[in-house]
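Beneath this line is the structure, given in structure tokens, with notes to follow.
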Amino acid sequence: MSERNFMTLQFASRSENEAFARVAVAAFVSQLDPTLDELTDIKTVVSEAVTNSIIHGYNNNTDGVITISAEIDDDTIRLTIEDKGEGIADLEQAKEPLYTSKPELERSGMGFTIMENFMDEVEVVTAVGIGTKINMLKRIESKKALYN
């Protein structure tokens, strides 16, 4: 029998909301009893995706809206982080490690690389002038299974 649960969260594209988003998703995911490493991975990808939406999607304009949807289905967490910002003109270039479209901000250009390394699946859907949606999936290995 499937144990499904979900939540949706919307907030202003303000940098101070990045920590709120990270903690809210971590609290929701905690019902799966993730390991500390798994929880840290999820918090990190939420931070990366939200920060990308704020800096790149909305160009630091605080009038934008970021939407996070999370769904738990058995041992799997699905995350969607979406903005209605500028979109990404060249997704393959944006995914290149160390590439950043805003070098003046001293960004590392590792956001997509981190997401792809910390999650089991990452899909980016983007269109210039429409926005970006990042769909991610991670299977949580129960701590209970580690000790049995």
Side-chain angles (χ1 to χ4, degrees), residues 2-141:
S2 176
E3 292 293 325
R4 184 176 172 272
N5 194 5
F6 64 92
M7 67 127 199
T8 301
L9 183 66
Q10 286 190 316
F11 52 91
S13 58
R14 303 175 66 91
S15 59
E16 56 265 39
N17 287 337
E18 178 268 328
F20 162 70
R22 184 178 63 234
V23 170
V25 171
F28 181 72
V29 171
S30 68
Q31 62 193 285
L32 285 177
D33 196 23
T35 64
L36 188 56
D37 285 343
E38 289 168 331
L39 198 57
T40 299
D41 289 353
I42 289 166
K43 289 165 67 175
T44 300
V45 300
V46 168
S47 292
E48 292 293 334
V50 168
T51 299
N52 280 351
S53 288
I54 293 167
I55 292 174
H56 301 289
Y58 290 116
N59 206 22
N60 286 312
N61 180 338
T62 57
D63 293 336
V65 174
I66 298 169
T67 302
I68 297 179
S69 300
E71 179 181 333
I72 291 172
D73 193 359
D74 288 331
D75 65 345
T76 303
I77 179 76
R78 285 181 175 79
L79 290 174
T80 300
I81 300 173
E82 182 174 7
D83 66 62
K84 303 291 186 198
E86 295 181 6
I88 302 168
D90 187 341
L91 182 57
E92 290 311 308
Q93 183 180 44
K95 286 182 167 184
E96 292 277 327
L98 304 178
Y99 172 78
T100 180
S101 63
K102 300 203 183 282
E104 70 278 7
L105 299 179
E106 298 182 17
R107 305 292 301 161
S108 71
M110 294 297 290
F112 285 124
T113 302
I114 289 168
M115 290 178 228
E116 289 171 346
N117 284 318
F118 287 7
M119 301 298 279
D120 295 323
E121 295 176 21
V122 176
E123 173 196 39
V124 181
V125 179
T126 187
V128 173
I130 295 174
T132 301
K133 180 189 290 189
I134 302 172
N135 299 307
M136 298 179 277
L137 179 140
K138 185 171 186 73
R139 283 170 206 81
I140 302 298
E141 302 294 327

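Note that this is a predicted model, so its numbers are computed, not measured.
Considering CZ of F118 and NZ of K43, their distance stands at 13.0 Å, rounded to 0.5 Å. Here the straight-line distance linking atom CG of L32 with atom CG of D73 works out to 10.0 Å at 0.5 Å rounding. Rounding to the nearest 0.5 angstrom, the gap separating the CG atom in D75 from the CD atom in E141 is 7.0 Å. Taking CE of M119 as the reference point, atom CD1 of I114 lies at 13.0 Å (rounded to 0.5 Å). With rounding to the nearest 0.5 Å, the separation of CZ in F11 from CD in E18 is 8.5 Å. The distance from atom CD1 of I55 to atom OG of S15, rounded to the nearest 0.5 Å, is 8.0 Å.
Applying the 6.0 Å contact sphere to NZ of K138 captures more than 12 heavy atoms from other residues, nucleotides or ligands.
Using a 4.5 Å cut-off on side-chain heavy atoms (C-beta onward), D83 and N52 make no contact. By the 4.5 Å heavy-atom criterion applied to side chains, T44 and T40 are counted as neighbours. Using a 4.5 Å heavy-atom threshold, the side chains of N17 and I66 count as separate. Y58 has its side chain within reach of K84: a pair of non-hydrogen atoms, C-beta onward, lies under 4.5 Å apart. Taking 4.5 Å as the limit, every side-chain heavy atom of N61 sits out of range of all side-chain heavy atoms of N59. Looking at heavy atoms from C-beta onward, I81 lies out of side-chain contact with T67 at the 4.5 angstrom threshold. Using a 4.5 Å heavy-atom cutoff, the side chains of E71 and T80 are not in contact. The closest side-chain heavy-atom distance from I42 to I140 is below 4.5 Å.
In terms of heavy-atom proximity, P34 sits nearest to S30 at CD-O, 3.6 Å. Across all their heavy atoms, A49 and I134 have their closest contact at CB-CD1, 4.1 Å. When every heavy atom of T62 is checked against every heavy atom of A12, the shortest pair comes out as O-CB, 4.0 Å. Nearest heavy atoms, V50 versus A21: CG2-CB, 4.1 Å.
The side-chain contact (heavy atoms from CB on, under 4.5 Å) with L137 is formed by just one residue from the set D120, V122, L79; it is D120. Considering R78, E123, E121 in turn, E123 is the only one that fulfils the side chain to side chain donor-acceptor pair (under 3.5 Å) rule with N135.
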From CA spacing to verdict: side-chain contact (heavy atoms from CB on, under 4.5 Å), T8, I68 = CA-CA 6 Å; T8 301; I68 297 179; over 6 Å; no

ask   = Hey, mind stepping through V45 and D41 against side-chain contact (heavy atoms from CB on, under 4.5 Å) and telling me if it holds?
value = CA-CA 6 Å; V45 300; D41 289 353; 5.7 Å; no

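In this structure a side-chain-to-backbone donor-acceptor pair under 3.5 Å is present from Q31 to F28. Side chain of E48 to backbone of M115: no donor-acceptor contact under 3.5 angstrom is found.
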